[in-house]
Amino acid sequence: MSPFAGMPARLSRYSYLVSLMPEQLMADLELDVTLVSRTTASYTPYTRDGRSGGLLVERPEGEPTRESFAALTGSDREYGARREFYADMTDLAHAVAPTLMSPLPLERELREAVDPGIWRDVVTRPPGQTIEERFLDDTVRGVVATDALIGTFASMHDPSLVQNRCFLYHLIGNGTGEWRVPVGGMGAVTDALARAATRCGRRDRHRGRRQPDRGGSDSATVVWHDGSSEQSLTCRRVLSGVAPWVLRILLGEGEDDATKPEGAQLKINFLLDRLPSLRSGADPAVAFAGTLHLGEDYTQLEAAYTEASAGQVPTTMPGEVYCHSLSDPSILGPLAEQGAHTLTYFGLHTPASLFEGQGGAAAKDLAVERGSPRSTSTRVGSIRDCIATDADGNPCIEAKVPQGHRTRPGDAGRAHLPRRPRLAVGAQPGPPRHPGAAMGRRDRP
Ligand SMILES: Cc1cc2nc3c(=O)[nH]c(=O)nc-3n(C[C@H](O)[C@H](O)[C@H](O)COP(=O)(O)OP(=O)(O)OC[C@H]3O[C@@H](n4cnc5c(N)ncnc54)[C@H](O)[C@@H]3O)c2cc1C
């Protein structure tokens, strides 16, 4: 769906890349979805000693990738360290990815399937320690680190190791960790899933919140309101697709604000007349075809986390930009012929709490300004100078703070949770049996 009046671009406004859906599952469900590889994995514009450059990681990696690391760091050391690190990650991915399609293994079983050093580096200690040991360059460190932070508000040294789980999610998909672009946008994936479910005999009972209720010892009742009256269904098993925090409420544990997860992502979607230029002189069609990192040097990531934790919008906003329409021009419809492009910005370390209360709107404006500066920035030409105008004469820019991700019209998310759910059903959900159990590489969203 296009957020811009009269502009028929099918922009994936929230999630946009696919990696964690196992190919075996897609084949089993006969999903009619085409996923295309991006020709650029990532591009990181930088300025060093007054010189503008860009760290390029191609897909597949060739000589320009090696040269790019050498131009930034002055030797092949970081390039070699990176190759070693991701070879290790591939070993881990080969062990973990198949578990997404099998009964949950024990932690011990998974640990025994991988090298103990990899297990330590990625699973049991903070990735900050591993990255600082294995890499020397601040920009290279940052590019590696972002996989642990996209979707997680944490320091790279957070003792909770929530960032490890995020890291693994980004590196294991289908044993390669590649993130591919769904042709037609993310809606093409959900449409295909809906068609598969219908073929399998799905009957929709949506529009309304559900509450599991206690049935007999071998049954459960789900109660929901369809807008006009209460409905219920008794069945042997209830499968839930809600977040663990929500499920606990539905099972009658009460609403615990202290453990409520808080989103921390700023999303800015653009429709552009043309792609912005780069100070490095790189071809924008190469640089924007993968994940373009902005303000994501390792020290910048940690500084942004510290500032956001103290209630401040980060001075240098860490974020990533990606142009879907370079991989899939079909989403532009007739706009493709006019040279238009979509662009999506994914900002890190912007917890929802920054945007609450009286100063919330001003904080959002500041975050959007820092994420997509009006003035020409030092590394990428001004994105704002390239923004198209919609049918009503407004600039095609849409910004969503975390609160906005869950309050679209029609959502039945946690903003609409039932205050006092009924009774619990069967067994309570327990923690995953190993850190990778509930978890999901490189150059992703
Ligand atoms: C900005 C952003 C970008 C992202 N980009 C990507 C990406 O490119 N690729 C990717 O793979 N992942 C991405 N993710 C992560 C991805 O969106 C989530 O991992 C995924 O949506 C989780 O799916 P889910 O079905 O587990 O939960 P959800 O998508 O949260 O679904 C839970 C559903 O349950 C409903 N619900 C809640 N309570 C009730 C109730 N009482 N009764 C009935 N229904 C209820 C909710 O309304 C919701 O529809 C992104 C996330 C964000 C925030």
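Both counts, for ligands and for their atoms, begin at 1 and track the order of listing. A quick note: this is a predicted structure, and the numbers were derived from the prediction, not measured.
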Distance to the ring centre below 6.0 angstrom and angle to the axis at most 45 degrees; does that hold for R38 and Y322?
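Yes - R38 lies over the ring of Y322, closer than 6.0 Å to its centre and within 45° of its axis.
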Can you list the atoms of ligand 1 that are under 4.0 Å from a heavy atom of [X]?
{"X": "W179", "value": "9 (N), 10 (C), 11 (O)"}
{"X": "V242", "value": "34 (O), 36 (N), 37 (C), 38 (N), 39 (C), 45 (C)"}
{"X": "V246", "value": "38 (N)"}
{"X": "Y16", "value": "7 (C), 8 (O)"}
{"X": "K267", "value": "1 (C)"}

Testing L92, V123, V96 one by one against V114 for a side-chain contact (heavy atoms from CB on, under 4.5 Å), which residue passes?
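When side-chain contact (heavy atoms from CB on, under 4.5 Å) is applied between V114 and each of L92, V123, V96, only L92 qualifies.
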Can you name the residues that form a ring-ring contact (aromatic ring centres under 6.0 Å, His included) with Y345, not counting sequence neighbours?
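ring-ring contact (aromatic ring centres under 6.0 Å, His included) list for Y345, sorted by chain: empty.
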Partner residues of S155 under the side-chain hydrogen bond (donor to acceptor under 3.5 Å, both in side chains) criterion, sequence neighbours left out:
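Per chain and number, S155 pairs via side-chain hydrogen bond (donor to acceptor under 3.5 Å, both in side chains) with E302.
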Heavy atoms only: which of S12, S15, S19, S240 lies closest to atom 17 (O) of ligand 1?
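Minimum heavy-atom distance to atom 17 (O) of ligand 1 goes to S15.
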Going by heavy atoms, is [X] under 4.0 Å from ligand 1?
{"X": "G241", "answer": "yes"}
{"X": "W224", "answer": "no"}
{"X": "L17", "answer": "yes"}

Anything under 30° is parallel, anything over 60° is perpendicular, the rest tilted; go ahead and classify F85 against F167.
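Because their plane-to-plane angle lies in the 30° to 60° range, the rings of F85 and F167 count as tilted.
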Hey, can you tell me if F153 and H349 have their rings parallel, tilted or perpendicular (30° and 60° cut-offs)?
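Perpendicular: the ring planes of F153 and H349 meet at over 60°.
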Test log, rule side chain to side chain donor-acceptor pair (under 3.5 Å), inputs T259 and W245
CA-CA 8 Å; T259 58; W245 189 82; 3.3 Å; yes
For V18, which part has a heavy atom under 4.0 Å from ligand 1: side chain, backbone, both, or neither?
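For V18, there is no contact with ligand 1 at all, from either part.
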